[in-house]
Amino acid sequence: MRNPRNERVSSDIDGNSAERTCILSGEKAVRGEFIRLAISPDGLVLPDVHARAPGRGAWIGVSRETLEIAVSKNKLKGALARAYKGAAITIPDDLADRIEAALCRALTDRLGLELKSGRLLMGSDRIAQNAREGRVEWLAHAADAREDGSRKLDQAWRVGSEAEGTGLRGVTLPLDRDTLSVALGRDNVVHLALNDRGAADRVETLLKRLLHFQGQVISREASNGDDGQSDLHRPGMDDTDGAAPADSVTTN
């Protein structure tokens, strides 16, 4: 990665909790909610979703639709020119595709790590048993999961969480069973659960960022009382039942 003259190396990636400013919207948020862009050695602007590439970066926190409009109207180019202090840059035509693919890869990679650590549960029977015993912290279903199968696991989770009569249910992932199966090296992965709160927080951080980029609304309102949990912990709390690696910046 290049470092524009007179810029401090890694100046914008120091610290995990420091606020970042979106170069397009001007909004501020902690770095985990934004996407970092960095420059490759040949001047190509690429997603650095893990914020590890050295050199100066720029942060965005807008949806894919907003980004694509900014690219078409050259607003992103102008914002990046200011962020990179006039360094020669090239914005790839498929930047939005690369970002979304990189975000999906980051999510599935994290799920893979949680699987290796023993914190990710798969298989309807295993998830249902752990859910009823109160040992599930997070529940999710593939985008193409059957509604009846998801509903049964949601009910088991409510029982184990002492949340019967509420709308507590698992989140529907923006990934289908084929994508999950390939990413996790298992056959027919349809339902997932995590038995550790820390693991759930790590996965949810990545999932929130992906959903936001896709333009999906994420409610932060707690439901059924002020329990301090967001609707990504407890998705769809309305008492109704709803039915390829990216090019990314490396540090080498």
Side-chain angles (χ1 to χ4, degrees), residues 19-37 45-51 57-80 83 91-111 138-145 147 150 167 169-180 183 192 200-223 229-238 240-248:
E19 280 192 340
R20 302 292 184 263
T21 301
C22 173
I23 62 172
L24 291 174
S25 68
E27 294 184 358
K28 296 181 181 296
V30 295
R31 53 177 277 177
E33 296 185 16
F34 281 176
I35 300 161
R36 186 175 187 261
L37 302 177
V45 176
L46 296 173
D48 177 28
V49 298
H50 295 294
W59 299 78
I60 59 172
V62 298
S63 68
R64 175 178 181 137
E65 181 181 8
T66 300
L67 175 63
E68 290 176 333
I69 292 173
V71 171
S72 67
K73 294 184 176 181
N74 288 322
K75 291 183 178 179
L76 178 62
K77 186 174 183 179
L80 288 172
I91 300 174
D93 293 336
D94 61 347
L95 178 61
D97 289 335
R98 297 188 190 215
I99 291 175
E100 184 163 345
L103 292 173
C104 288
R105 176 69 177 274
L107 175 60
T108 55
D109 282 352
R110 171 47 61 184
L111 290 172
W138 179 84
L139 176 65
H141 313 295
D144 56 347
E147 186 176 337
S150 299
R169 65 172 183 261
V171 64
T172 299
L173 298 173
L175 305 170
D176 61 21
R177 68 182 70 197
D178 289 340
T179 301
L180 290 170
L192 303 169
D201 289 341
R202 290 188 291 272
V203 169
E204 286 177 350
T205 295
L206 297 170
L207 178 57
K208 284 181 182 179
R209 196 164 46 154
L210 172 59
L211 292 176
H212 177 70
F213 185 71
Q214 292 178 333
Q216 300 192 45
V217 176
I218 303 171
S219 172
R220 296 180 181 277
E221 295 297 324
S223 58
Q229 295 193 39
S230 73
D231 283 351
L232 193 54
H233 282 277
R234 300 189 169 195
M237 302 291 283
D238 56 2
T240 61
D241 289 314
D247 288 326
S248 60

- prompt: Hey, what do you get for CD (Glu33) to CD (Glu19), rounding to the nearest 0.5 Å?
  reply: 9.5 Å
- prompt: What's the spacing between His141 NE2 and Glu147 CD if we round to 0.5 Å?
  reply: 10.5 Å
Smallest separation among heavy atoms of Cys104 and Leu175, with atom names: SG-CD2, 4.0 Å
message: If I take atom CG from residue Leu103 and atom CD from residue Gln214, how far apart are they, to the nearest 0.5 angstrom?
response: 8.5 Å
message: Do Thr66 and Ser25 have side chains that approach each other closer than 4.5 Å (heavy atoms only, starting at C-beta)?
response: no
- request: Taking all non-hydrogen atoms of both residues into account, name the closest pair between Ser63 and Gly215 and its distance.
  value: CB-CA, 4.2 Å
query: Does Asp109 have any side-chain contact (heavy atoms from CB on, under 4.5 Å) partners at least two apart in sequence or in another chain, and if so, which?
result: Arg105
field: Which atom of Thr21 lies closest to which atom of Phe34, heavy atoms considered
entry: C-CE1, 3.9 Å
Min side-chain heavy-atom separation Leu46-Arg98 under 4.5 Å: yes
query: Where do Ala96 and Glu68 come nearest, in terms of heavy atoms and distance?
result: CB-OE2, 3.8 Å
message: Under the criterion side chain to side chain contact (heavy atoms under 4.5 Å, CB included), I'd like the reasoning laid out for Arg209 against Ile35: C-alpha separation, chi angles, the key distance, then a yes or no.
response: CA-CA 8 Å; Arg209 196 164 46 154; Ile35 300 161; 4.1 Å; yes
task: State, with a plain yes or no, whether a side-chain heavy atom of Leu173 is found less than 4.5 Å away from one of Leu192.
output: yes
message: Looking at Glu65, I'd like to know if its CD atom is crowded, meaning that more than 12 non-hydrogen atoms belonging to other residues, nucleotides or ligands lie closer than 6.0 Å.
response: no
- request: Indicate yes or no: at least one non-hydrogen side-chain atom of Ile60 is less than 4.5 angstrom from one of Ile23.
  value: yes
query: Would you say Phe213 and Val62 make side-chain contact, with heavy atoms under 4.5 Å?
result: no
message: Among residues at least two apart in sequence or on other chains, which ones pass side-chain contact (heavy atoms from CB on, under 4.5 Å) with Asp178?
response: Asp176
message: For Arg64, is there an ion pair with Glu100 - N to carboxylate O distance below 4.0 angstrom?
response: yes
message: Quick one, Arg36 and Pro47 - any side-chain contact, counting heavy atoms below 4.5 Å?
response: no
- prompt: Between Ala58 and Leu80, which heavy-atom pair has the shortest distance, and what is it?
  reply: CB-CD2, 3.8 Å
- line: Output for pair (Ser72 OG, Asp93 CG), nearest 0.5 Å, gives 11.5 Å
query: Looking at Leu206 and Ala106, what are the two nearest heavy atoms and their distance?
result: CD1-O, 3.5 Å
query: Heavy atoms, side chains only, cut-off 4.5 Å: are Leu76 and Val45 in contact?
result: no
message: Let me confirm one number: the CD1-CG distance from Ile99 to Leu67, rounded to the nearest 0.5 Å.
response: 5.0 Å
- line: Rounding to 0.5 Å, atoms CG (Leu107) and NZ (Lys208) come to a distance of 13.5 Å
